[in-house]
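Structure first, commentary second.
Numbers here simply count residues along the sequence, with the first being 1.
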Amino acid sequence: MNRRDVLVSSGAMLGVSCLGGAGYAVATASPGQNLKIQTARYQFRENITEGLVSLSPDSAPPVLYGTQDEPLDLTVSNTLDEYTAMHWHGIRLPNEMDGVPYLTQVPIGGGDSFRYRFTPPDAGTYWYHPHCMTMTQMARGLTGVLVIREREDPGFDGDQAINLKDFRLSNDDALGKAYSLRKAARGGTLGNVMTANWQQAPVYDHPAGGVVRLRVANTDTTRIYRIWLTSADTRVIAWDGHPLLEPVGLPTEQVPMALGPGQRADFAVAMPSAEGRRVQLMAKSVKGPKIMAGLRAVGSGPKRDLNTLKSLPHNPVAEPNLTGAETHEFVFGWSPDGTAPDNGFCGNLGKNFWSINREAWPGDNAKGTGPLAQLKLGRSYVLRLRNESPNLHPIHLHGLTFKPIRSNKRKILANWTDTALLLKDEVIDVAVVADNPGDWAFHCHVIEHQKTGLSGYLRVE
């Protein structure tokens with residue numbers, strides 16, 4: 001077998017335990033859990049929208065919970081008439097569990113299943129989505145938050161996950177086309193209905209005077225959410241799953257936080273002491289500030305001071321040694337407009353508009369495609385991410401966690417991440433320890449860009 005061949009183990013099919021909560025399902029990540037990918041229907045506005053994809057027939061994909069250093073055993077079953085595969089975004093896991101078709105596994109056909117077994121070494125906020133038929137299945141809703149709890153309770157009075165995702169709906173609330181080629185060649189195709197957990201401005205109850213951990217994940221295919229909270233009595237405590245190494249300023253309406261597709265931010269929120277008062281999660285939109293979700297104070301109790309909250313324990317990510325570290329440069333830009341062959345079961349958009357190092361990714365199942373770079377196991381590297389286009393690109397690396405160290409455009413914060421949002425003409429250097437062997441996908445998380453050439457992989461061995 002070569003590196004791109006895999007053995008598929010489906011395992012036993014066991015039941016899923018789900019708990020309803022505040023209009024957003026929660027599933028415990030117990031051994032043997034079965035996650036069934038299926039068609040769904042949901043009422044976003046006045047009419048029922050058909051043709052969605054979820055893990056439930058009538059609601060958003062659930063928040064999944066696991067615990068740091070404890071095994072997860074997730075069997076993903078596919079009931080669709082198209083192929084799929086599930087990726088666990090931001091999790092450092094064995095390569096064969098990463099969910100990238102043809103690179104780490106064969107895609108999951110209709111009626112088949114794949115058993116994902118891994119032990120997450122890091123606590124934090126992560127998410128999951130398909131990596132086969134990626135554009136259509138994500139646009140139809142198959143994105144969910146994955147929370148990995150700390151080994152010891154950090155002491156919050158509440159925990160709230162918010163999944164930011166937009167949808168393209170017609171006037172009668174039918175699903176619109178997921179993308180246009182014209183927009184795929186530019187910044188990507190935005191939806192016209194912005195949601196939080198598939199809802200319009202949902203409100204979640206939490207103890208008055210308590211401290212809530214608010215987990216915000218951008219699982220959109222394209223949209224960069226620019227967010228802030230209506231209370232100054234909050235603090236950014238984690239970025240892309242990891243506790244902060246350098247402080248992140250509190251976003252405001254004047255200076256909002258840019259959260260690119262794939263990125264996450266955790267906030268500690270001091271709830272108002274008066275019952276009924278709210279803290280709103282806001283986002284910029286073409287029509288002005290938009291309420292995405294609210295936290296409502298209920299009950300009564302002493303108001304906690306954020307300064308009494310203990311710091312989150314840092315995850316065991318290896319610190320790069322930059323003395324003599326080799327640099328690999330990756331240029332992200334346009335490619336000549338060309339037809340992209342459909343050489344697998346995971347779908348493409350029929351065109352190549354984008355490239356890495358001026359070569360477009362030829363497709364998921366293309367033969368003879370080598371890695372963009374080969375990294376030696378255990379060594380430290382600098383990856384130079386160069387954007388030669390006027391469009392923004394959230395660049396995501398699977399299986400590894402890296403640290404931004406410099407930018408030619410702005411002061412950069414050295415916080416651990418798996419997704420770096422590149423601005424127009426920006427060059428960001430990131431440092432990484434190649435400590436996880438395998439072939440790791442490396443791509444833009446604007447899915448239209450990924451599926452029209454801006455993709456590849458790095459090899460660690």
Practice item. Mind checking the CD1-CH2 spacing from Ile148 to Trp88? Nearest 0.5 Å is all I need. Key: 10.0 Å
Review point. Got Tyr116 and Leu72 here, is their nearest side-chain heavy-atom distance under 4.5 Å?
Key: no
Point to revise | All ring pair (Phe, Tyr, Trp, His ring centres under 6.0 Å) counterparts of Phe44, not counting sequence neighbours | key: Tyr42, Phe167, Trp198
Check your understanding: Side chains of Pro107 and Phe114: does their closest heavy-atom pair fall under 4.5 Å?
Key -> no
Review point. Does Asp425 reach the side chain of Asn387, with side-chain heavy atoms less than 4.5 Å apart?
Key: no
Exercise for review: Please name the residue in the list His449, His443, His445 that meets the side chain to side chain donor-acceptor pair (under 3.5 Å) test with His393.
Suggested key: His449
Practice item. Could you list the residues that satisfy ring pair (Phe, Tyr, Trp, His ring centres under 6.0 Å) with Tyr381, not counting sequence neighbours? Key: His328
Check your understanding: Does a side-chain heavy-atom distance below 4.5 Å link Ile428 with Arg406?
Key -> no
Check your understanding: So, the side chain of Arg223 versus the backbone of Gly191: is there a donor-acceptor pair under 3.5 Å, distance only?
Key -> yes
Study note, to complete from the structure: One should read off an interatomic distance between Ser300 OG and Glu275 CD, to the nearest 0.5 angstrom, of 7.5 Å
Point to revise | Donor-acceptor contact below 3.5 Å, side chain Glu319 vs main chain Val433 | key: no
Review point. Which heavy-atom pair separates Phe330 from Ala373 by the least distance, and what is that distance?
Key: CZ-CB, 4.0 Å
Exercise for review: Hey, could you give me the CE/CG distance between Met257 and Leu250, rounded to the nearest 0.5 Å?
Suggested key: 8.0 Å
Study note, to complete from the structure: Heavy atoms of Ser285 and Met194 approach each other most closely as CB-SD, 3.9 Å
Exercise for review: Identify the heavy atoms of Leu413 and Pro247 that sit nearest to each other, and give their distance.
Suggested key: CD1-O, 3.7 Å
Study note, to complete from the structure: Correct closest heavy-atom pair for Gly187 and Val446 would be O-CG1, 3.9 Å
Exercise for review: May I ask you to decide if Leu93's main-chain N or O and Asn436's side chain share a donor-acceptor pair within less than 3.5 Å?
Suggested key: yes
Exercise for review: Test side-chain contact (heavy atoms from CB on, under 4.5 Å) on Gln280 and Arg296 and set out the steps.
Suggested key: CA-CA 9 Å; Gln280 311 277 30; Arg296 180 170 55 200; over 6 Å; no
Revision key, fill the gap. Test side chain to side chain donor-acceptor pair (under 3.5 Å), reference Asp73, set Arg117, Arg115, Gln33, output is Arg115
Practice item. List the steps, then state whether side-chain contact (heavy atoms from CB on, under 4.5 Å) holds for Ile37 with Ser77. Key: CA-CA 6 Å; Ile37 298 176; Ser77 304; over 6 Å; no
Check your understanding: Are Lys303 and Asp233 within salt-bridge range, i.e. N to O under 4.0 Å?
Key -> yes
Practice item. Output all residues satisfying salt bridge (charged side-chain N to carboxylate O under 4.0 Å, His left out) with Asp58, sequence neighbours left out; order by chain, then residue number. Key: none
Check your understanding: Under the ring pair (Phe, Tyr, Trp, His ring centres under 6.0 Å) test, which residues partner Trp239, sequence neighbours left out?
Key -> none
Point to revise | Side chains of Pro207 and Met271 in contact at under 4.5 Å (non-hydrogen atoms) | key: no
Check your understanding: Between NE2 of His398 and OG1 of Thr419, what distance do you get to the nearest 0.5 Å?
Key -> 8.5 Å
**Study point:** Step-by-step salt bridge (Lys or Arg N to Asp or Glu O under 4.0 Å) determination, Arg213 to Glu150
**Key:** CA-CA 13 Å; Arg213 182 172 185 170; Glu150 289 79 8; 3.0 Å; yes
Point to revise | Among Thr39, Leu175, Leu142, side-chain contact (heavy atoms from CB on, under 4.5 Å) partner for Leu52 | key: Leu175
Check your understanding: Could you walk me through whether Glu70 and Thr119 pass the side-chain hydrogen bond (donor to acceptor under 3.5 Å, both in side chains) check?
Key -> CA-CA 6 Å; Glu70 294 186 9; Thr119 299; over 6 Å; no
Check your understanding: Distance-only, no hydrogens or angles: does the Arg264 side chain make a donor-acceptor pair with backbone N or O of Thr125 under 3.5 Å?
Key -> yes
Check your understanding: Taking C-beta and beyond as the side chain, do Pro120 and Tyr126 meet within less than 4.5 Å on heavy atoms?
Key -> no
Check your understanding: Can you pull the disulfide bond (SG atoms under 2.5 Å apart) pairs that have at least one residue in residues 132-165, sequence neighbours excluded?
Key -> Cys132-Cys346
Check your understanding: Got a second to check how far Thr49's OG1 is from Asp173's CG, nearest 0.5 Å?
Key -> 5.0 Å
**Study point:** Side chain Glu96, main chain Thr104, donor-acceptor under 3.5 Å
**Key:** no
Point to revise | Least distance between heavy atoms, Pro404 atom then Asn415 atom | key: CD-O, 3.3 Å
**Study point:** Nearest non-hydrogen partners of Arg277 and Pro272, listed with the distance
**Key:** CB-CB, 3.5 Å
Check your understanding: Do any N or O atoms from the side chain of Asp220 and from the backbone of Asp166 form a donor-acceptor pair under 3.5 angstrom?
Key -> yes
Practice item. Indicate the ring-plane relationship of His87 and His129, choosing parallel, tilted or perpendicular according to the 30° and 60° boundaries. Key: perpendicular
**Study point:** Any residue meeting side-chain hydrogen bond (donor to acceptor under 3.5 Å, both in side chains) with Ser407, in chain and number order, not counting sequence neighbours
**Key:** Glu426
Practice item. Find the distance between CD (Gln38) and CG (Leu80) and round it off to the nearest 0.5 Å. Key: 8.5 Å
Check your understanding: Does the side chain of Thr189 reach to within under 4.5 Å of the side chain of Arg168, using non-hydrogen atoms?
Key -> yes
Check your understanding: Picking from Val145, Thr219, Thr143, Leu55, what satisfies side-chain contact (heavy atoms from CB on, under 4.5 Å) with Tyr128?
Key -> Leu55
Practice item. Apply the side-chain contact (heavy atoms from CB on, under 4.5 Å) test between Trp416 and each candidate in Val317, Asn315, Asp122; give the one that qualifies. Key: Val317
Practice item. Would you mind checking if Glu329 and Arg386 are paired as a salt bridge, meaning a charged N to carboxylate O distance below 4.0 Å? Key: yes
Point to revise | Side-chain heavy atoms of Thr234 within contact of Leu214, under 4.5 Å | key: no
